[in-house]
Engineer: 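Take this structure first; my questions come after.
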Amino acid sequence: MAVEVRRATAPRGGARPAEGRGARVQAGDALPLPIRHTNLIFSALFAASLAYLMRRWREKIRSSTPLHVVGLTEIFAICGLVASLIYLLSFFGIAFVQSVVSNSDDEDEDFLIASAQPQPKPAPAPAPAQCALLQSAGPAPEVMPEGDEEIVADVVAGKIPSYVLETRLGDCRRAAGIRRESLRRITGREINGLPLDGFDYASILGQCCEMPVGYVQLPVGVVGPLLLDGRRLYVPMATTEGCLVASTNRGCKAIAESGGASSVVFRDGMSRAPVARFPTARRAAELMRFLENPDNFDTLSVVFSRSTRFGRLQGVKCALAGRNLYMRFTCSTGDAMGMNMISKGVQHVLDYLEEDFPDMDVVSISGNFCSDKKSAAVNWIEGRGKSVVCEAIIREEVVEKVLKTNVQSLVELNVIKNLAGSAVAGALGGFNAHASNIVSAIFIATGQDPAQNVESSQCITMLEAVNGGRDLHISVTMPSIEVGTVGGGTQLASQSACLDLLGVKGANRESPGSNARLLATVVAGAVLAGELSLISAQAAGHLVQSHMKYNRSRKDMSNAAAC
């Protein structure tokens with residue numbers, strides 16, 4: 001099957017390859033046969049020629065006959081061996097052999113992978129691209145190259161798993177197109193609105209997304225300047241919710257006109273909590289006492305650090321449930337979000353512990369006491385990632401002029417809505433107006449894990465009247481903002497550009513971890529702006545009016561009215 005997917009043949013219908021530099025000889029074109037038959041013939045020729053020559057040379061050595069004395073059959077065998085060897089090397093991607101075969105002067109890409117550049121053709125015939133399946137996101141073309149047509153058919157029939165296309169073809173872009181066409185044939189549904197071109201699929205291979213068939217486009221808005229800790233920041237937000245960017249931008253304006261906001265990261269540590277089962281609860285408690293004993297921390301820290309340069313163990317807290325022990329390790333992770341980093345370190349510690357606790361059965365590297373991508377009290381209380389407080393004092397005239405309300409109304413609404421209302425709802429870390437809106441938008445724009453919005457959006461918003469009741473003190477406390485500036489989606493082109501806009505792209509070599517901490521404060525600062533603006537809109541009764549203006553398409557409303 002591997003040989004089937006590597007061939008790129010000429011289109012059907014008698015179309016001839018373009019003349020000149022665009023034309024290229026394919027290894028699979030050596031014989032006018034299907035590729036599987038061609039490969040079988042050359043493989044058999046190679047094996048037979050090699051076996052015959054080895055047998056003849058062994059006989060010559062035994063009879064003391066010079067090896068350079070060859071007969072006609074040996075000449076044919078040598079020619080067959082060389083020819084089959086050239087074919088096989090060419091077929092499996094040796095570019096310098098192809099350059100000899102094709103006489104091409106400046107082709108520096110694998111000749112077995114279709115060219116990414118369209119090849120010129122005399123008018124009026126259309127110029128062919130590397131693969132008809134990859135030229136557009138529209139319906140399948142009527143005529144496709146034989147090689148791609150065969151692969152699509154095999155994927156549809158289940159002969160080739162879709163997930164191996166990138167490996168077998170060596171071309172991520174082509175693999176995405178073939179997978180997309182296979183999906184169209186299997187489901188019978190067109191996905192014309194999902195773009196295929198214009199994305200670097202190689203950049204996500206093995207790290208961001210498997211089995212891609214396109215990419216989703218999201219608009220990115222910018223709010224600012226956000227005056228935070230003396231910096232003027234412009235914050236990118238990827239969202240499809242109308243009014244969100246405009247509202248957050250209004251909050252930024254109110255903060256800036258009042259002198260800016262300040263922030264503090266009061267805790268910084270990622271957590272991972274494996275769960276282990278013991279024969280008895282007593283044995284589980286023995287390990288718990290060992291892990292929480294300060295005298296053993298240095299040893300555990302050395303073992304943990306064997307797998308990482310930046311990760312530093314900060315502490316271990318345990319919880320017992322019957323004979324199951326949940327061990328919550330916390331460590332610093334530099335500028336990475338750090339889940340992989342801490343998981344490797346924890347695995348080293350578990351391996352070390354098994355020497356003294358051989359009856360320990362590690363059930364899972366994650367026992368949900370971490371707690372990752374779930375709303376949990378342990379994150380709300382203990383923190384996870386970066387714990388940040390951001391605050392600002394908004395002057396009375398700014399409240400009235402920019403926010404169109406008054407201080408007393410804002411304080412009263414915050415108590416009744418964000419504090420009492422959330423308590424009535426039994427909220428866990430949800431004592432805010434819409435922190436999740438801003439966190440999600442920034443996470444998507446900057447390449448963070450969107451699922452970690454669950455715990456990263458835990459926030460309590462506090463409003464107080466200060467300076468004799470004239471001005472407003474507003475703060476947001478967010479104990480578990482999980483962000484990084486290296487790894488994962490942060491290295492994709494669009495997301496990397498958004499990080500660069502904030503000045504936190506990549507790792508900070510001079511002060512490891514400072515870029516990720518700055519990003520966490522930016523998230524908190526933007527949440528502060530968003531909370532300020534939304535609470536003001538609700539206090540002034542402007543929420544519905546604003547959403548009808550910015551979050552409803554007039555075209556859609558006109559269509560609805562016509563129905």
Side-chain angles (χ1 to χ4, degrees), residues 1-12 14-115 119 128 130-131 145-151 153-154 159-161 164-171 174-175:
M1 201 64 65
V3 296
E4 289 286 328
V5 299
R6 294 182 64 90
R7 185 179 182 188
T9 61
R12 295 177 179 174
R16 305 182 63 171
E19 301 294 335
R21 293 178 59 181
R24 65 190 329 177
V25 179
Q26 303 294 321
D29 296 332
L31 295 175
L33 296 173
I35 186 65
R36 63 177 68 88
H37 296 157
T38 303
N39 280 315
L40 183 60
I41 290 174
F42 276 100
S43 298
L45 177 61
F46 176 79
S49 301
L50 183 61
Y52 174 76
L53 289 173
M54 293 297 292
R55 184 172 62 83
R56 287 290 299 140
W57 291 340
R58 183 176 57 180
E59 292 174 356
K60 289 181 178 182
I61 292 173
R62 289 178 177 178
S63 62
S64 300
T65 304
L67 295 179
H68 65 273
V69 177
V70 295
L72 185 61
T73 55
E74 291 175 305
I75 293 176
F76 283 132
I78 292 173
C79 292
L81 179 68
V82 173
S84 58
L85 181 62
I86 290 176
Y87 173 83
L88 293 174
L89 288 176
S90 301
F91 186 81
F92 286 104
I94 307 302
F96 75 90
V97 176
Q98 175 62 16
S99 67
V100 175
V101 176
S102 64
N103 293 322
S104 176
D105 293 330
D106 51 28
E107 298 206 38
D108 55 2
E109 57 192 9
D110 191 336
F111 67 96
L112 294 175
I113 302 173
S115 172
Q119 299 177 359
Q130 59 185 35
C131 167
E146 284 185 23
D148 289 346
E149 177 64 49
E150 291 176 7
I151 300 169
D154 285 344
K159 296 179 181 179
I160 299 179
V164 303
L165 289 176
E166 282 81 3
T167 302
R168 293 195 176 187
L169 294 174
D171 186 336
R174 183 181 174 203

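Computed from heavy atoms alone, side chains included, the values below leave out hydrogens, waters and symmetry copies. We're numbering straight along the sequence, starting at 1.
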Engineer: Rounded to the nearest 0.5 Å, how far apart are CG of Leu50 and CD1 of Ile78?
Structural biologist: 11.5 Å
Engineer: Ile160 vs Arg168, test: side-chain contact (heavy atoms from CB on, under 4.5 Å). Steps then yes/no.
Structural biologist: CA-CA 10 Å; Ile160 299 179; Arg168 293 195 176 187; 4.1 Å; yes
Engineer: What are the two closest non-hydrogen atoms of Gly80 and Ser49, and how far apart are they?
Structural biologist: C-OG, 3.8 Å
Engineer: I need the minimum non-hydrogen distance between Phe42 and Ser84, along with the two atoms involved.
Structural biologist: O-CB, 3.4 Å
Engineer: Determine which pairs satisfy salt bridge (Lys or Arg N to Asp or Glu O under 4.0 Å) with at least one residue from residues 71-85, sequence neighbours left out, and list them in order.
Structural biologist: Arg56-Glu74, Lys60-Glu74
Engineer: State which residues pass side chain to side chain contact (heavy atoms under 4.5 Å, CB included) with Ile75; sequence neighbours excluded, sorted by chain then number.
Structural biologist: Val70, Cys79
